[in-house]
**Student:** 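Supplied in structure tokens, the structure appears directly below.
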Amino acid sequence: MSALMQTYARLPVTFSHGEGVYLYDTEGRRYLDAIAGIAVNGLGHAHPAVTAAIRQQADKLIHTSNLYRIEAQEQLGEALTRVAGMDNCFFGNSGAEANEAAIKLARLYGHQRKIDKPAIVVLEGAFHGRTLATLSATGNRKIQAGFEPLVTGFIRAPRNDIQALRQIAAHNPGVVAILAEPIQGESGVNPLSAEYLQAVREICDKEEWLLMLDEVQTGNGRTGNYFAYQGMDLIPDVVTTAKGLGNGVPIGACMARGAAARVLGAGQHGSTFGGNPLACATALAVLTTITEDGLGDNATAMGQLITDALWADTAAAANIVEIRGRGLMLGVQLKKDCPDLAQRAFDAGLLINVTAGNTIRLLPPLVINTQEAQALAAGVAQLIREA
Ligand SMILES: *Cc1c(COP(=O)(O)O)cnc(C)c1O
């Protein structure tokens, strides 16, 4: 441990292997994993399709660089843009990198339209990553403190407040885009309403702003649709995704359509590892499995089952303010802060996360079945009853 920078407050446990929704620690204890590597392991642990894709690709080729054509990258690009309704995409290795690409794209789009100091609207409570530009876009002072000077060119707006956005449009001719998560994850599972996002779409059309959705966490089937906007009757200009895309093999993507798809040209962005054969072959297997196995529909059904089971437990429900989110991205807000709840869950063999002090965040694998979802709901209900 001492050889590692102390950037994480880790629980004193090491996992040796996993299977489906379960993880096993080095002592042989079993845990129901309702965090899934922070919305990464949508297919759970040791999914055979993922293992096979990694094995087969590693047998042939892991990396060649983007100096050459990469077959798996072209195939994944085709499949991912088709499912997203986008025209093209750029591959990086993480969510922050996907958002960096989107931020660069938006600035270049502005400069191409003769806007000297292009600005991007971002929302209160947003989380977009830990690189300098993405932490500057993030709406959480704790993440920014100590890293000033921040990257300029971001304008902060309250979420779900269309009037505030109209004010910004009226007073800031330099705005070129808005970047937002359809459901804010890190700030406590806070959804943007469909009405708000549809109104944002209208403002973007009128002002010629790019609507850029950060689906790093909400994407890849997590909320029931492949991407969350697909349940909201609108289409963005730019979509970023990462977490669940490679089921744990690092990969992120920035997709664009229409005018936004024609902004970045040769030499204007790049990544040595981005879109390498191993990551892309894996992500293609993940995407194929999510769509062919109907895991989005399963996420919707299991999310509903968990929500219903929590409300049906009257003693637990008495401590719940609301349950937010969609599919298998759920935030259960309690009436009181629950600082010891994640630890008690851990002791009971349940991996969950508490955000914003009082909100239990559930992000189980999309492959969770009825029995496992019932066990998860029963475990969480018991923790809430004792809270
Ligand atoms: C996790 C997350 C990121 C950052 O992704 P990294 O892979 O950690 O860089 C960005 N945006 C959202 C919405 C996220 O949840």
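All ligand and atom numbering here is 1-based and tracks the order in the structure.
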**Student:** Is it true that atom CD of Q112 has more than 12 heavy atoms of other residues, nucleotides or ligands lying nearer than 6.0 Å?
**Tutor:** yes
**Student:** Who are the side-chain hydrogen bond (donor to acceptor under 3.5 Å, both in side chains) partners of S136, not counting sequence neighbours?
**Tutor:** none
**Student:** Could you identify which residues cluster with Y68, counting Ile, Leu, Val, Met, Phe, Trp and Tyr as linked when any side-chain heavy atoms lie under 4.5 Å apart, either directly or through a chain of such contacts?
**Tutor:** L67
**Student:** If you measure only the distance, is there a donor-acceptor pair under 3.5 Å linking the side chains of T241 and N220?
**Tutor:** yes
**Student:** How would you list, by chain and number, every residue that makes a side-chain hydrogen bond (donor to acceptor under 3.5 Å, both in side chains) with E202, sequence neighbours excluded?
**Tutor:** none
**Student:** Applying a heavy-atom distance cut-off of 4.0 Å, which protein residues contact ligand 1?
**Tutor:** S94, G95, A96, N99, F127, H128, G129, E181, D214, V216, Q217, K243
**Student:** Between H45 and Y22, does the ring centre distance come in under 6.0 Å?
**Tutor:** no
